Protein chains: 2
Amino acid sequence: MLNPAKPSDTNAPSHDQVYRQMRTRIMHGELAPGTALTLRGLGREFGVSMTPAREAIRRLAAEGALTLSSSGRVTTPDLGNDRIEELAALRGLLEPELASRALPRAHIALIDRLQVINQTIAEAISKQDPVAYLRTNLEFHRTLYLRAQAPAMLAMTETVWLQLGPTMCALYGRLRRTEPPQNHRTIIAALRAGDEPGLRLAVRTDVTQGLKMLVG
Amino acid sequence: MLNPAKPSDTNAPSHDQVYRQMRTRIMHGELAPGTALTLRGLGREFGVSMTPAREAIRRLAAEGALTLSSSGRVTTPDLGNDRIEELAALRGLLEPELASRALPRAHIALIDRLQVINQTIAEAISKQDPVAYLRTNLEFHRTLYLRAQAPAMLAMTETVWLQLGPTMCALYGRLRRTEPPQNHRTIIAALRAGDEPGLRLAVRTDVTQGLKMLVG
DNA sequence: GCATAGTTTATGTGATCACAAAATCACCAC
DNA sequence: GTGGTGATTTTGTGATCACATAAACTATGC
């Protein structure tokens, strides 16, 4: 076997499998804010004992994806407006920097891929599928930021996405948007033109505006 | 008992105690890069079983304070130059923002406290005590940033400090600096003058220059 | 009907064990 | 000496158990 880390790595430690599945669930907004999770419940669901479930939970809690009560009970975070604004500011700080670093390495093939993803986003919007919208929207950003060659910065940004996941779930479930992703077109245009300040602004706008309407 | 969370909380979960102690050790540069840690070793050291030690380790690994090998073995991270530069860029992005947010709330009492901490830093330098220097230096920054009322942003910044801890240990153990902290005086002056752009620049300079000389 | 006290259940914490894999060490051939 | 090979020890992983505490429920008294 040439590839030791296949997509579905069945010989990976089970705590890692639990961690990864729960992580994508939370980031994609499949869990509403305040959802309660239990070690034995997760263990039953994934067919493992409490031990791997506990490690996965604590790992997610360390990244801010889960909230621990004082008695150790764990729920998805239910953020207040000030915390949401702060996380939005963090996105507005980190993501333009990532985009700027990706700009010199953004070839045609990358821009084409972004356009394809953008179409998938439009489909998710027209189908009123919040989870698919959130997943493909993050895929758009991650695809761009991967070119920045800045793994620590990208990891930190994904941590912010994680923390916002349940909030996004509640947000997109509430308001039904029908607008196509205009900001993404601006981002692609700036990439094509090699316009660095324009790219920074477009990314910052895209990242900020979606969350501004929630706290209003 | 009016205060349920005393400084030395002996009734806190033991995994939390192990976590906190190891966290400050790493952040203060008491562990050299590449130091190997074992579950049973930590358990013996703290008088607990493997279980709490494991949770503490995994929590620290999730924050980037520890590196896990493919076989699950855990060491303090030994960062390459590109990763150091990236983390320095992260500090240069986050900390000026925190300082800027703290500026309108920086009263005289805070500035006085910063001056006192600055004297302690000078003492640590004259005594050639790298750990005390690192600890008081971080205390200077944290004292300022606490006023920003941005807990998520501060937590993210501390995560960066954590990741840089062992590297700082190696750095300050190598080169023997004798210069007093001039950048901190510039920061304090900008705080006094209410000079927001000057403060951002001073913080960015202080944060960046210390790490630039390492990668050179 | 409702609040409250007592009981029962559910849940997190920590210890211990068995197991497999990896690292270390020792020994031996060359 | 040096390189490789087998045995031994170390180490992480996961399961299971006992225990304490917090939540949920129930019954009882007013």
Side-chain angles (χ1 to χ4, degrees), chain A residues 1 3-6 8-23 26 31-78, chain B residues 1 3-6 8-23 26 31-78:
Chain A
M1 182 72 65
N3 192 351
K6 297 199 303 179
S8 213
D9 205 343
T10 54
N11 58 357
S14 27
H15 65 81
D16 215 62
Q17 297 185 33
V18 177
Y19 164 77
R20 266 199 279 265
Q21 291 210 28
M22 291 306 297
R23 181 185 143 102
I26 295 170
L31 275 63
T35 304
L37 298 176
T38 65
L39 299 179
R40 290 173 176 86
L42 247 75
R44 253 196 312 275
E45 181 176 348
F46 287 91
V48 297
S49 80
M50 292 170 54
T51 314
R54 209 193 323 193
E55 296 196 35
I57 288 277
R58 297 218 87 94
R59 195 169 160 193
L60 289 164
E63 298 178 28
L66 293 175
T67 301
L68 297 87
S69 85
S70 58
S71 65
R73 282 169 150 77
V74 59
T75 59
T76 51
D78 190 4
Chain B
M1 181 72 65
N3 193 351
K6 299 201 301 180
S8 211
D9 206 341
T10 54
N11 58 358
S14 28
H15 64 82
D16 214 63
Q17 298 185 34
V18 177
Y19 164 76
R20 266 199 280 264
Q21 291 210 29
M22 291 307 297
R23 181 187 143 101
I26 294 169
L31 275 64
T35 304
L37 298 175
T38 65
L39 265 32
R40 292 172 176 85
L42 247 72
R44 253 195 313 274
E45 180 176 348
F46 287 91
V48 296
S49 81
M50 293 170 53
T51 314
R54 203 187 335 185
E55 296 197 34
I57 288 277
R58 297 220 87 94
R59 194 169 159 192
L60 289 164
E63 299 178 26
L66 293 174
T67 302
L68 296 88
S69 85
S70 58
S71 66
R73 284 169 151 75
V74 59
T75 59
T76 52
D78 192 4

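Please read these numbers as outputs of a predicted model, since none were measured by experiment. Sequence lines set the chain letters: A, B, ... in the order given, protein chains first and strands last, and positions in each chain run from 1.
Distance CD (A:Glu55) to P (D:dT13): 6 Å, rounded to an integer number of Å. For the pair A:Leu68 CG and D:dA22 P, the interatomic distance rounds to 15 Å; values are reported in whole Å. Distance B:Asn11 CG to D:dA22 P: 11 Å, rounded to the nearest Å. Between the CG atom of A:Asp16 and the P atom of D:dG12 there is a distance of 16 Å, rounded to whole Å. When rounded to the nearest whole Å, the span between CG of B:Leu39 and C1' of C:dG14 equals 13 Å.
Closest approach to the B:Arg73 side chain among D:dT13, C:dG14, D:dT11 is made by D:dT11 (side chain taken as heavy atoms from C-beta onward). Closest contact between the side chain of B:Arg54 and the listed nucleotides D:dT13, D:dT11, C:dG14 involves D:dT13. Listed candidates were D:dT11, C:dT13, D:dA23. Nearest to the side chain of B:Thr38 is D:dT11.
Summarising the geometry of B:Ala12 relative to B:Gln17, their closest heavy-atom pair is O-NE2, 3.2 Å, with the distance given to 0.1 Å. What you find for B:His15 and B:Pro52 is that their closest heavy atoms are CB-O, 3.5 Å. Between B:Ala36 and B:Thr75, the closest heavy-atom pair is CA-CG2, 3.8 Å. Closest non-hydrogen pair, B:Gly64 versus B:Pro77, comes out as O-CG, 4.1 Å. A:Asp78 and A:Gly34 make their closest contact through CB-N, 4.5 Å (heavy atoms, listed as atom of the first residue, atom of the second, distance).
Between the side chain of A:Thr76 and the main chain of A:Thr35, a donor-acceptor pair closer than 3.5 Å is present.
A heavy-atom distance below 4.0 Å to DNA chain D is reached by these residues of residues 40-52 of chain A, ordered by number: A:Val48, A:Ser49, A:Thr51, A:Pro52.
Residue-level contact check: A:Leu37 touches the backbone only, with heavy atoms under 4.0 Å from sugar-phosphate atoms and none from bases.
Judged by closest nucleotide on DNA chain D, A:His15 is the one of A:Ser71 and A:His15 placed further toward the 5' end.
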